[in-house]
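Below is one structure, written out as structure tokens; the observations come after it.
Values below: all heavy atoms of this structure, side chains included; hydrogens, waters and symmetry mates excluded.
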Number of protein chains: 2
Amino acid sequence: MDIWKKFEENNITHSAAHHLLAILELKEKRGYARVTDVARELNITTGSASINLKSLKGKNLIIEDENKFLALSEEGEAVARAVLMRKNILYNFLANILKVKPEQAEIDSCKTEHLISAETAKKLQEFMEKYEKAA
Amino acid sequence: MDIWKKFEENNITHSAAHHLLAILELKEKRGYARVTDVARELNITTGSASINLKSLKGKNLIIEDENKFLALSEEGEAVARAVLMRKNILYNFLANILKVKPEQAEIDSCKTEHLISAETAKKLQEFMEKYEKAA
DNA sequence: GGAAAGTGTTATGTATGTCAAACGGATGTT
DNA sequence: AACATCCGTTTGACATACATAACACTTTCC
């Protein structure tokens, strides 16, 4: 699965990762994503979002149509999905196995989702599969 | 144990955490730590180290004597040890249980050491104790 | 048709963290 | 005494990531 690798190649910041995730979520939830929607989702001003998104456009992670509607490029979607996958693995481990409180598990997995390596993410998931089968 | 708490109170950056850790390590390894030593340890210029350390002095995490030799304040040492403890727990989990390669476990634990909550750190350690006893 | 609301960009400012380069003080060497 | 080296600070520049505020351009509503 080379979705694991996409992440390693793109060294993405926490902020950038969340901009991509916001677009992914907005598109799935409502079908579209504009600068304002992303800003609202991330709780930042439209000014900040505009600037941040411009830089992601420059990196070809985001595409904009004639009406300023945003979408993830193929590359951007791969990166976003890789981050999302990591977050879910981390969250499940923290909440279900370590029994960390849901809100704290959410915070911790969110802070680290973009930082753990492909190797760690993969091995953590394998560990959880084995662990849950054994239990 | 309130060493767990010290960290939560001080919301420390990755950079700041490593400056404190560098001083802790240098003092233990060689008995002293100066701006230059910290810079060398962290692979940054003395200019950067000088500025960064000044801000940590302002937060009373670092003390400087008449000869510009640096030491951690009581508070600074508590923070540094809390971070170190988290890093060790993470490293051990990654390397010994997940079997992540040592170099990668080092990188991943280093990136996340200052981000995980006290709750997660504590529960991860408890989990490891149980897990290793069972094995 | 005009005011109001919504949308996006740009300008300016803050904070962190980095660098290179210049400078001043102390120390060491010849 | 003079030159060289080491040490720490300061300065100016850059990148990221945020905020406010001002501005232009739609769209919507009366």
Side-chain angles (χ1 to χ4, degrees), chain A residues 7 10-23 26-27 30-72 76 79-80 83 107 110-115, chain B residues 10-23 26-27 30-72 76 79-80 83 110-115:
Chain A
F7 181 72
N10 278 275
N11 210 345
I12 207 97
T13 64
H14 189 206
S15 166
H18 278 276
H19 282 69
L20 298 181
L21 286 181
I23 294 176
L26 286 164
K27 291 272 281 183
R30 314 213 222 155
Y32 62 89
R34 297 160 307 166
V35 172
T36 305
D37 304 315
V38 171
R40 242 194 304 264
E41 185 84 9
L42 299 180
N43 229 319
I44 59 177
T45 61
T46 59
S48 297
S50 178
I51 292 165
N52 297 154
L53 292 167
K54 186 161 64 176
S55 113
L56 293 173
K57 271 179 248 162
K59 289 173 191 155
N60 292 316
L61 295 170
I62 290 180
I63 301 162
E64 196 184 59
D65 73 9
E66 321 80 55
N67 294 315
K68 304 249 173 201
F69 281 63
L70 304 167
L72 297 174
V79 172
V83 174
I107 294 170
C110 178
K111 282 186 182 172
T112 49
E113 68 194 4
H114 65 298
L115 293 173
Chain B
N10 280 275
N11 210 345
I12 206 97
T13 64
H14 189 205
S15 166
H18 278 276
H19 282 68
L20 298 181
L21 286 181
I23 293 176
L26 285 164
K27 290 273 281 183
R30 316 214 222 155
Y32 63 90
R34 297 161 306 167
V35 172
T36 307
D37 303 316
V38 171
R40 242 194 303 264
E41 186 83 8
L42 299 180
N43 230 319
I44 59 177
T45 61
T46 60
S48 297
S50 178
I51 292 166
N52 297 155
L53 291 167
K54 186 162 62 174
S55 113
L56 293 173
K57 270 180 248 161
K59 288 173 190 154
N60 293 316
L61 294 171
I62 289 179
I63 300 161
E64 196 184 61
D65 75 9
E66 322 79 54
N67 294 315
K68 303 244 173 205
F69 281 64
L70 305 167
L72 297 174
V79 173
V83 175
C110 178
K111 281 185 182 172
T112 49
E113 69 194 3
H114 66 296
L115 293 174

Proximal nucleotide (of D:dC18, C:dT18, D:dG8) relative to the A:Ser15 side chain: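 Among D:dC18, C:dT18, D:dG8, the one nearest the side chain of A:Ser15 is D:dC18.
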Nucleotide nearest B:Thr13 when distance is taken to its side chain, options D:dT9, D:dT20, C:dT16: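 Shortest atom-to-atom distance from the side chain points to C:dT16.
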What integer distance in Å separates [X]:[atom1] from [N]:[atom2]?
X: A:Ile44; N: C:dT14; atom1: CD1; atom2: C1'; value: 16 Å
X: A:His18; N: D:dT16; atom1: NE2; atom2: C1'; value: 16 Å
X: A:His19; N: C:dG8; atom1: NE2; atom2: P; value: 13 Å
X: B:Glu64; N: D:dT9; atom1: CD; atom2: C1'; value: 11 Å
X: B:His14; N: D:dT16; atom1: NE2; atom2: C1'; value: 16 Å
X: A:Glu66; N: D:dT26; atom1: CD; atom2: C1'; value: 16 Å
X: A:Asp65; N: C:dT7; atom1: CG; atom2: P; value: 15 Å
X: B:Asn43; N: C:dG17; atom1: CG; atom2: P; value: 17 Å

Between [atom1] of [X] and [atom2] of [Y], what distance do you get to the nearest 0.5 Å?
X: A:Leu56; Y: A:Ile63; atom1: CG; atom2: CD1; answer: 12.5 Å
X: A:Leu115; Y: A:Ile12; atom1: CG; atom2: CD1; answer: 12.0 Å
X: A:Leu21; Y: A:Glu113; atom1: CG; atom2: CD; answer: 5.5 Å
X: B:Lys111; Y: A:Thr112; atom1: NZ; atom2: OG1; answer: 11.5 Å
X: A:Ile23; Y: A:Leu61; atom1: CD1; atom2: CG; answer: 9.5 Å

Which residues share a side chain to side chain contact (heavy atoms under 4.5 Å, CB included) with A:Thr13, sequence neighbours left out: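 For A:Thr13, the residues satisfying side chain to side chain contact (heavy atoms under 4.5 Å, CB included) (neighbours in sequence not counted) are A:Ser15, A:Ala16.
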With A:Leu42 via side chain to side chain contact (heavy atoms under 4.5 Å, CB included) - residues at least two apart: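 If we apply the side chain to side chain contact (heavy atoms under 4.5 Å, CB included) test to A:Leu42, skipping adjacent residues, the hits are A:His18, A:His19, A:Ala22, A:Val38, A:Ile44.
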Would you be so kind as to tabulate the donor-acceptor pairs closer than 3.5 Å made by side chains of residues 65-72 of chain B, with sequence neighbours excluded?
from: B:Asp65; atom 1: OD1; to: B:Asn67; atom 2: N; distance (Å): 2.8
from: B:Asp65; atom 1: OD1; to: B:Lys68; atom 2: N; distance (Å): 3.1
from: B:Asp65; atom 1: OD1; to: B:Phe69; atom 2: N; distance (Å): 2.9

Nearest heavy-atom neighbours spanning A:His114 and A:Ala17: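 Smallest heavy-atom distance, with atoms named: CB-CB, 4.3 Å.
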Short side-chain N/O contact to C:dT7 OP1/OP2 from A:Thr46, under 4.0 Å: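 No.
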Please list, for nucleotides 24-29 of chain C, all pairs of protein and nucleotide N/O atoms separated by less than 3.5 Å.
none

Those residues of residues 34-42 of chain B lying under 4.0 Å from DNA chain C by at least one heavy atom: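 Result for residues 34-42 of chain B: none.
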Step-by-step side chain to side chain contact (heavy atoms under 4.5 Å, CB included) determination, B:Asp37 to B:Glu41: CA-CA 6 Å; B:Asp37 303 316; B:Glu41 186 83 8; over 6 Å; no
Side-chain donor or acceptor of B:Thr45 paired with backbone N/O of B:Ser48 under 3.5 Å: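 Flag set: sc B:Thr45 to bb B:Ser48 pair under 3.5 Å.
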DNA chain D contacts made by residues 47-57 of chain A, counting heavy atoms under 4.0 Å: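 Only A:Ser48, A:Asn52 qualify.
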